[in-house]
Structure formats: structure tokens, C-alpha cells
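A short write-up of the structure that comes next.
The chains referred to below are lettered A, B, ... by the order of the sequence lines, with proteins before strands, and numbering in each begins at 1.
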Amino acid sequence: MNDKPQQETFDLETIRHSTAHLMAQAVKQLFPETKVTIGPVIEDGFYYDFFRDTPFVPEDLEKIEARMKEIAAQNLDIVRQEIPRPDAVKMFSDMGENFKAEIIEGIDSAAPISLYSQGDFTDLCRGPHVDNTRALKSFKLLSTSAAYWRGDERNPVLQRIYGTAWHSDKELRSYLRRLEEAKKRDHRKLGKELDLFTINDEVGPGLTLWHPKGSRVRYLIEEFWRKEHYKNGYELVFTPHAARVDLWKTSGHMEFYRENIFSPMDIEGQEYVMKPMNCPFHIQIYKSRLRSYRDLPIRFAELGTVYRYERSGVLHGLLRVRGFTQDDAHLFCRPVQLEDEISKVLHFVLFILRAFGFHEYKVYLSTRPDKFVGSEDDWEKATRALENALVRTQIAFEVDPGEGVFYGPKIDIKIKDSLNRFWQVSTIQVDFNLPQRFGITYVEENGNREQPIMIHRALMGSLERFFGCLVEHYAGAFPVWLAPVQAILLPITDAHHPFAEAVAEKLAANDLRVEKDLRNEKIGFKIREAQLQKIPYMVILGDKEVESQTVSIRKHRSKETRSLGLDEFIEQLRTETRDKTIDVIDQPE
RNA sequence: GCCCACGUAGCUCAGUGGUAGAGCACUUCCUUGGUAAGGAAGAGGUCAUCGGUUCAAUCCCGAUCGUGGGCUCCA
């Protein structure tokens, strides 16, 4: 066995990068008029951007993939060589590869220009690559799209092909299964199937209609959120959906955020806009009277619905919409309180996220960008406060240098879902800008007026996005505490309807969410539907149950049935609801 | 916004230059059945919208609106 595969000796990034080259080679062979540009490795795969007049169609992908396999099977050695920069520019210019020539001109003059060749194909590349095309076996081309040269829409349009590559066919298959699974639990699909929400053309793109079942879940989330906020020392407020444009001039949003603000409307000669943020309102509440250092910290929280103009092409289900509700809060504190406040927010956010079944996070600390307001000293202190709070809370984090917003440093939290995907939800941002713009103050111990530090924070980000994330995380099978319907009663025949009514009444009297399926259908049919609706508990009621005054329970996740007394069942449901018990979350194999 | 694809019944989708079909859902009837689909009948569509080509357009062309995959940006 001398042709034993060697792919295990290369890391995935190298394999993917080499596969991108292999694809470019195949494309050049099949479509010689095409020009190559760049082909980087991305998460789970790679892409390569080509310049040509006509876009690739799915049949092209099949042809390209077949050619790639042929080339790989030729066992071509991949050879690196370095050449002088002018030669490289000339070479690619002569080949008509003006994009490559342009890249070379942009490369640091100290860096060597390296070429990689395999058979008839030579490409500019930093490498590294696998040593022979035989190492490239487990790949698949996935999709095409358009992209701009260097990501700028003023530049030529390029045709992009996405693909994926792995060490082995087994890994490849597993990845493709994961894609299938993600498609199955797409919140847009489940939203329709489970009757949770719709986004309707006549209402408008990016505007969500929450159906009764989706609303139920949202209401439960909100209820939990409000209760915990009161417990944690927040005051809840409500503020309007629109305000005079002058407010947004003061806040600076008309200047810096204008392109996301809906066009103004004229009301009695005054311009008003829909609010893109809640902060100016909370600041106005702060300003409604004189504040003492004794009042601080002040924490105003609101499930505030904001409207932001997003370009039509970026809208996506509930994840990117034009009207959404932030679980927003603004904290006003003295500088000495900053670290403590951040620390409390961190504890709080982890508590909330855990309740929803998220236990793994990526946390980023973003520091001062080039353009900023406030003094370097303030930034320094605030950044240290954030960092100390993270350390104190024993949260692992990465520093994102220079990635803070112009008005202050921030902490971002991404949560990992059951398919190992990360979702940006929580954010904690220090703001030196708005307190100054609105001139808010408090009276210090010594009688002087001081400017409070303001913190913006959202735990779930937006309810729409968080809900979409939950739907995908649970694949639509919400845990008992969140399920819109916790139990469905399935009488065997209409003779058992009275018993079902009685059971329903008792469950409802215990604050449980119950439905009855009294349709003239066989039990198998009712079970199938309840199963597809992902209702946690099915309650089968027939002669046996009426006679013994018990209920037969079938759980969504297991096919076994269990018979128990009604009170016992109620107790179990109540306990699971109270403890926010989360069953094993469905995972793809 | 830009590139590409798509838009047919409530849903999922066939289909044709001569004004349309299936399955599921819905309504009615039969069936009273113990753990993933019992049977029959019926109703339901300006084929996204507006214009053009044509004797004739759901089909071809254009525009608009919307959706999807990306680009870009973010919560």
C-alpha cells in the first residue's frame, strides 16, 4: 500500500486552501477566459472569486467538481518557487491576470513573492499547501454568489464559488449532515410549521407578526426578564416609539446613524422619526430631576421596540429585521462604581443565558479605536474596569484591540447553540459620549456636579433574534417552561371528551398551558400531529384512564408511555416549569 | 442597494403560448378507532403586481414589489 493517503499530515486550513487552488485550476481548464482573483479559507471551507461575464450555474459546479477529482487523481506535485516582484507582475500581466498583478503590487515589499504550481496551473500564493494533489479527496462545491473585488461595490463584480474540504469523506459527510440539520431547524421554516410568526409582504419586509404561539413564548421570556430585572435592582420604564428629530440631533444619531433611521414624518410642522435606539429616552428620564450620588447607580431597563432602516438585501427572517425589541438597559453610575456594575451585569447575563440552555460563550473585550471621544484616561480606566470585572467573574475572554465603538469600550458575548454555531447576543458598552451631549450630571458628596458614567447593555440583544436563535437551538422543541403548549390532551373517542375537559380545567387551574384535541380522529393521527408540533407532553385519555382516574403520558422525545395520577403529573409539570428544566437538546448525529 | 435565482390554492410543489393540476390542510358525511396519517364527497387560484410582444400570455420581454443565496453592515 504505497499510495496510502497522507492527508492526516496536513491541517484543515492547508487542505482547504489547496482545494481552493485545485478549484481554480479546474475552472481555468474548463473556462479559460476566466480570470482568477483570491481564494481564501473560511470557516468550514473556502471560496474562490473569479472574474467572468457570466455567472456559474449549478451544472458548472458539477463539471468543475468532476474536473477537480480528475486533476487530484493525477497526483500532481505542488511546487513552491519564489520569484522577483517585477517578474511576478509581468508574468501575471502577460497571462491577462490583472487582478493577481494588482495583488502583488499591494504586497509588502519586504515579503517574498511565492508561486505554487501544479501541472499546468500556477498561482500566486503565500501558502502553505499540501505537497501533492492526491492529498485532496474529500471536498464538495456548495454554492455560487456574487461578490465585489475587494468587497467594494464600486469595483467589478466577481463570481464566487463556495466549497468545503475535510480530512476524510467521513468528516465531509458529517459536515454535510450538519448543513442538512441546520436547514431542517431553520427558524423561518419552523416558524411557519409551528405557527410561531410570519413576516408578511403586505405589512412590509423586516416587520414581524408574532402569532399566538410565538407570542406565548415571547411573553414567557419577557415575564422572566421583567421579574429578574426587578430582582436585580433595575427600574422598568416605557418610552415612545417616535420622537422629535431634535432629540436625535442632540444625541448625535442624526449625524452618525442617519442612514439607519427611517425617513422623518411631519407632524404639525415638526419632524419626528421612529426611534432607532432607546438611550435618549432613558437619559431624559434621568434628567427629569436632579440626581444625587446617593441615587446612583440608577438602572433603567426597557423592552424597547426600535426601528432601523436596513437595506433590503440584508434582511433575514427574525435575525435581521427592521423593527425589533431590544432588552435594553442604561446604567448611570459614579466612576468608582463602574467595575462593580459591570461585574453585576456579567453575573446577570450569564444567569439569564443559562436559563435558556446556553452554557458556552465567546467573550470579547473591545478596546479604544483610532477615532474616539472622551479622554484617554477615561478610556484607560473604563477598559480596566471591564477587564477586572471579567477577571473577577472568571470569564475567559479575548481582547479585540481597537474594536470598541467611538464612544467607549465594550464587552460582547456570543453564545454557542446546539449545532455549535455562535450567535452574537449580549453587549455591554461604556458610553462617554451621550452623558456629555445631554449634559447629565449628579451632585457629588462635595456638592459639585459630576458627569455619571453610562453603560448600555442588552442581555438577549433583540427578542426577535434571540427567539430565532432559541427556535434553532431547540429545533422548535421548547423546554417545558417555554413551550407555548406544555401538554395536549388526546382522548381516544368522544366518550372520553368529558374526562378530557375535566383534566384540561385542572391543568389550566394550575397555570399550565394545555390544549385538547377533540377532533374525530384516531389516536395515532393525533399523536402524529402532536409530535410534529413538538409539544412536550401528550396525554392519552381512554377507558383505562377514566376508570382508574389516571393519565397516560407520552413524552415528545421518547415513545414510551407512562401512567400516573393526575396530581402527580401536575406536580411534575409545575416542577419542570419552575426549575426551567431543559431536557436533552436534540443534536444531529 | 448590488449580483444571481425564484414567486402557481392556506402549506409543499408539478405544469402549459389556447385563461391550470397533485398531496397535505379546510368543509360535510361515514367511521368511535389505544400510541406517527381510516374512508368518501366538496369547496378553494386575476398563476405576485403593472406594462409590452402576440389573434391569444400564467408561460416570452421589461419594470415594480417580495423571497432566497451571497456582497456589506450589525442587534
Side-chain angles (χ1 to χ4, degrees), chain A residues 42 47 49 53-58 142-162 183 186 188-189 192-193 195 198-206 257 259-260 276-278 304 306 308-328 405 412-414 423-427 429 456-466 468-469 490-497 519-533 538-545 552-556 558-563:
Chain A
I42 54 175
Y47 67 78
D49 285 344
D53 292 334
T54 45
F56 293 106
V57 296
L142 299 173
S143 61
T144 57
S145 77
Y148 301 98
W149 171 236
R150 305 210 146 144
D152 189 325
E153 51 191 77
R154 289 164 305 196
N155 286 343
V157 173
L158 306 175
Q159 302 303 327
R160 176 171 296 180
I161 302 179
Y162 285 93
K183 214 183 276 178
D186 187 311
R188 292 166 299 183
K189 182 166 143 59
K192 202 177 279 177
E193 288 171 5
D195 198 14
T198 48
I199 295 174
N200 169 293
D201 286 5
E202 287 190 61
V203 174
Y257 205 67
E259 56 184 36
N260 284 94
M277 302 210 181
N278 303 300
V306 297
R308 298 183 186 175
Y309 168 71
E310 298 282 4
R311 305 206 287 180
S312 54
V314 306
L315 300 175
H316 181 90
L318 292 180
L319 305 185
R320 196 69 187 277
V321 289
R322 286 181 175 158
F324 59 98
T325 302
Q326 293 180 304
D327 71 315
D328 209 357
V405 204
D412 286 324
I413 301 179
K414 292 185 180 185
W423 304 63
Q424 158 84 53
V425 287
S426 321
T427 183
Q429 311 182 344
H456 308 249
R457 54 109 274 206
L459 311 182
M460 302 182 285
S462 91
L463 284 172
E464 282 75 6
R465 172 181 287 186
F466 193 72
C469 172
L490 310 176
I492 304 272
T493 75
D494 49 17
H496 312 113
H497 286 190
R519 292 176 303 173
N520 179 10
E521 296 291 350
K522 291 191 176 178
I523 192 68
F525 181 86
K526 295 182 183 181
I527 285 173
R528 176 182 156 81
E529 294 225 329
Q531 185 70 24
L532 292 175
Q533 284 297 304
M538 295 173 232
V539 183
I540 288 94
L541 303 170
D543 286 340
K544 239 170 26 192
E545 288 77 15
S552 289
I553 306 303
R554 175 176 163 139
K555 288 186 78 166
H556 171 252
S558 59
K559 291 185 177 171
E560 297 152 37
T561 50
R562 203 154 59 89
S563 180

In whole angstroms, how far is the [atom2] atom of [N] from the [atom1] atom of [X]?
X         : N       : atom1 : atom2 : result
Glu310(A) : rG70(B) : CD    : C1'   : 16 Å
Asp195(A) : rC26(B) : CG    : P     : 13 Å
Ile527(A) : rA37(B) : CD1   : P     : 9 Å
Lys183(A) : rU12(B) : NZ    : P     : 15 Å
Glu193(A) : rU12(B) : CD    : C1'   : 10 Å
Asp49(A)  : rC4(B)  : CG    : P     : 16 Å
Arg311(A) : rG69(B) : CZ    : P     : 17 Å
Lys522(A) : rU32(B) : NZ    : C1'   : 9 Å

| message | Tell me whether Arg320(A) is salt-bridged to Glu310(A), with the criterion being a basic N under 4.0 Å from an acidic carboxylate O. | response | yes
| said: Taking Glu259(A) first and then Arg311(A), would you say they form a salt bridge - that is, a charged N and a carboxylate O separated by under 4.0 Å? | reply: no
| message | Just by distance, no angles: are the side chains of Arg150(A) and Tyr148(A) close enough, under 3.5 Å, to form a donor-acceptor pair? | response | no
| field | Distance-only side-chain donor-acceptor flag, Gln429(A) / Thr427(A), under 3.5 Å | value | yes
Less than 4.0 angstrom between a side-chain N/O of [X] and OP1 or OP2 of [N], yes or no?
X         : N       : value
Arg554(A) : rA36(B) : yes
Arg188(A) : rG69(B) : yes
His316(A) : rG69(B) : yes
Ser312(A) : rG1(B)  : yes

[X] near the nucleic acid: base, sugar-phosphate alone, or nothing, with a heavy-atom cut-off under 4.0 Å?
X         : result
Gly313(A) : base
Asn260(A) : nothing
Glu545(A) : base
Lys192(A) : sugar-phosphate
Gln531(A) : base
Ile492(A) : base
Arg160(A) : sugar-phosphate
Tyr162(A) : sugar-phosphate
Val321(A) : base
Asp201(A) : sugar-phosphate

In terms of side-chain heavy atoms of [X], which of [options] is nearest?
X         : options                   : result
Arg528(A) : rC74(B), rA36(B), rG38(B) : rA36(B)
Ser552(A) : rC71(B), rC74(B), rU35(B) : rU35(B)
Asp543(A) : rU67(B), rA36(B), rG34(B) : rG34(B)
Phe525(A) : rA36(B), rC74(B), rG38(B) : rG38(B)

I'd like the [atom1] distance from [M] over to [N], given in whole Å.
N       : M       : atom1 : result
rG21(B) : rG17(B) : P     : 16 Å
rC11(B) : rG38(B) : P     : 24 Å
rG39(B) : rU54(B) : C1'   : 49 Å
rG42(B) : rC6(B)  : P     : 36 Å
rC50(B) : rG66(B) : C1'   : 15 Å
rA37(B) : rC24(B) : P     : 13 Å
rG18(B) : rC59(B) : P     : 11 Å
rU32(B) : rA20(B) : C1'   : 39 Å

Measure across [X] and [Y] and return the closest heavy-atom pair with its distance rounded to 0.1 Å.
X         : Y         : value
Leu158(A) : Trp149(A) : CD1-CA, 3.5 Å
Ala146(A) : Val157(A) : CB-CG1, 3.9 Å
His496(A) : Pro491(A) : CB-CB, 3.9 Å
Tyr257(A) : Pro276(A) : CE2-CB, 3.8 Å

| query | Ignoring hydrogens and angles, does a donor from either the side chain of Tyr148(A) or the base of rC3(B) sit under 3.5 Å from an acceptor on the other? | reply | no
Base-pairing mate for [N] - Watson-Crick or G-U, with both contacts under 3.5 Å:
N       : result
rC59(B) : none
rC71(B) : rG1(B)
rU27(B) : rA41(B)
rU53(B) : none
rC65(B) : rG7(B)
rU19(B) : none
rG34(B) : none

| message | Reading RNA chain B from 5' onward, which residue's closest nucleotide shows up sooner: Val425(A) or Ile540(A)? | response | Ile540(A)
| Position toward the 5' end of RNA chain B (nearest nucleotide), Thr493(A) or Ser462(A) | Thr493(A)
| Full working for side-chain contact (heavy atoms from CB on, under 4.5 Å) between Gln326(A) and Asn278(A) | CA-CA 9 Å; Gln326(A) 293 180 304; Asn278(A) 303 300; 3.2 Å; yes
